[in-house]
Number of protein chains: 2
Amino acid sequence: MDIKTLCLGVLTQGDASGYDIKKHFECVFSHFYVAGFGSIYPALTELTREGLVTCREEPQPNRAGRKVYALTPAGREAFEKSLIATPPRHRIRSEFFVLLHFAHLLPVARLRAVLDERLGDITRTVHELQRVMNECTGGECALHPAQRFEVELALVTTKAHRDYIASHRAALLQQVETAQPERFRA
Amino acid sequence: MDIKTLCLGVLTQGDASGYDIKKHFECVFSHFYVAGFGSIYPALTELTREGLVTCREEPQPNRAGRKVYALTPAGREAFEKSLIATPPRHRIRSEFFVLLHFAHLLPVARLRAVLDERLGDITRTVHELQRVMNECTGGECALHPAQRFEVELALVTTKAHRDYIASHRAALLQQVETAQPERFRA
DNA sequence: GACAACATGTAATAGGTTACATGATTTA
DNA sequence: TAAATCATGTAACCTATTACATGTTGTC
């Protein structure tokens, strides 16, 4: 699934500017997709050209005008069709796992830093997911049942990942330290 | 990290042909990286041109000759340097999560199929990881401590993912079924 | 007789990332 | 006064995917 389709998806939840969509990617989508301005803005231009979204300019006082995009009926239809046709793939691209796989070629100090950095990242992800759950549990921005399922699934998976690293980190470092030659202690 | 660097990594574990490297990606690396022939063969050609690997042709009886690649000292050094400089990122790109997020726009039957397909995929992944663990626990192809850590981490994470889906699947489908309008029952 | 596995490669295309370019307002 | 947030966009580059192209051997 490409960024264009994902932008249509965001717009099913309400009109938004490119900047708003980027924030949506950072908050709600961050645990399963990444996209930067460099892909979002061209995507919106292209979608407008194709008639799947419309663009209105909202001038703001003391500020550059925002371009607010809205889904057209054709856009909604295209998104729904695309959704139904999308196979449920789930791919991981992880330099972290690469580093673990070749850790015997890495100084112990670097391995320790790698584990700590990963632990920091994943802790941030857990907080973000919990924030989404809490914010949307009561009030106005209710989650659909499947969205609740989605966030909880991400949460249990991420926590399992974090807990394994946290509880086996020390043992791994000790094992590697005793096994590796002198030059790698640095 | 690009495919070229990963090919160097595979070659630190012994000489191999492009075909061998592809198999390695499918078996050992499949849970954190994907690569096809279309990226592996050009990568090997380029690495040869750069002097990071050498290529010898091994003619086989009644069969097309294999091109076996070997790491040069420069290649090993380049890989180790690249390894130390690589930040431990871990990204997920998941159409499965996208489908969950927009499940309210999907027919229930399709959602059911999506969950089942995902469950099938993840079960295959678990089997593959368990195979790696078992094959390499005793005998000659021993895993390094960090590789054991790597596979076990992938295993606990993947199992947590699978178990959540398996135990909440039915409840989700029921909830969605009662909530969705008539036209989506199909 | 068909299909899977072995074995290598190219070319066109799609797709995204990074860096560049700009500038106002709000918060610490 | 420095940094973060708001706000949009382009261009060059890099990388990978897909489809194409070919042929043998072993297995069901």
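Chain letters run A, B, ... following the sequence lines, proteins first and then strands; every chain starts at 1.
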Take the protein atom [atom1] of [X] and the nucleotide atom [atom2] of [N], then report the distance between them rounded to whole Å.
X      : N       : atom1 : atom2 : value
L44(B) : dT10(C) : CG    : C1'   : 15 Å
K22(A) : dT5(D)  : NZ    : C1'   : 12 Å
E58(B) : dT8(C)  : CD    : P     : 10 Å
E46(A) : dA11(D) : CD    : P     : 15 Å
I40(B) : dA7(C)  : CD1   : C1'   : 13 Å
H24(A) : dA7(D)  : NE2   : P     : 17 Å
Y19(B) : dT25(D) : OH    : C1'   : 12 Å
K67(A) : dT10(D) : NZ    : C1'   : 12 Å

Task: side chain to side chain contact (heavy atoms under 4.5 Å, CB included) partners for S17(A), two or more places apart - done: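 Partners of S17(A) under the side chain to side chain contact (heavy atoms under 4.5 Å, CB included) test: Y19(A), D20(A), R66(A).
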- [ ] Using the test side chain to side chain contact (heavy atoms under 4.5 Å, CB included), find all partners of K4(A) that sit at least two apart in sequence or belong to another chain.
- [x]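 Listed in chain order: D2(A), A43(A), E46(A), L47(A), E50(A).
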Task: Straight-line distance of E80(B) CD to L105(A) CG, nearest 0.5 Å - done: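 Rounded to the nearest 0.5 Å, the CD-CG separation comes out at 5.0 Å.
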Open item on the list: Distance check, rounded to the nearest 0.5 Å: R112(A) atom CZ versus L106(A) atom CG?
Closed with: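 Rounded to the nearest 0.5 Å, the CZ-CG separation comes to 12.0 Å.
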Closest nucleotide among [options] to the [X] side chain:
X      : options                 : answer
K23(A) : dA7(D), dC6(D), dT8(C)  : dC6(D)
Y69(B) : dG9(C), dA7(D), dT8(C)  : dG9(C)
P42(B) : dT10(C), dT8(D), dA7(C) : dT10(C)

Task: Axis-to-axis angle between the two ends of the helix from dG1(C)-dC28(D) to dA28(C)-dT1(D) (five base pairs per end, rounded to 10 degrees) - done: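 Computed from the C1' atoms at both ends, the axes differ by 60°.
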- [ ] State which residues pass ring pair (Phe, Tyr, Trp, His ring centres under 6.0 Å) with F32(A); sequence neighbours excluded, sorted by chain then number.
- [x]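 For F32(A) the ring pair (Phe, Tyr, Trp, His ring centres under 6.0 Å) partners, ignoring immediate neighbours, are F29(A), F97(B).
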Open item on the list: F102(A): which residues meet the ring pair (Phe, Tyr, Trp, His ring centres under 6.0 Å) condition with it, sequence neighbours left out?
Closed with: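 In terms of ring pair (Phe, Tyr, Trp, His ring centres under 6.0 Å), with neighbours along the sequence ignored, F102(A) is linked to F79(B).
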Open item on the list: Generate the contact string for nucleotides 14-19 of chain D. Rules: B means base contact, S means sugar-phosphate contact only, - means no protein heavy atom under 4.0 Å.
Closed with: -SSBB-
Open item on the list: If the threshold is 4.0 Å, N to carboxylate O, is there a salt bridge linking E95(B) and R91(A)?
Closed with: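 Counted as a salt bridge, because a side-chain N and a carboxylate O are separated by less than 4.0 Å.
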- [ ] Look at all strands and tell whether T45(B) reaches a base, only sugar-phosphate, or nothing, counting heavy atoms closer than 4.0 Å.
- [x]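 If one applies the 4.0 Å heavy-atom cut-off, T45(B) turns out to touch nothing in the nucleic acid.
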- [ ] Answer with base, sugar-phosphate or nothing: what part of the nucleic acid does F25(B) contact at a heavy-atom distance below 4.0 Å?
- [x]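 No contact.
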Open item on the list: Quick check on E117(A): does its CD atom have over 12 non-hydrogen neighbours (other residues, nucleotides or ligands) under 6.0 Å away?
Closed with: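 More than 12 within 6.0 Å, yes.
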Task: Donor-acceptor pair between E150(B) and H31(B) side chains, under 3.5 angstrom - done: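 A donor-acceptor contact under 3.5 Å links the two side chains.
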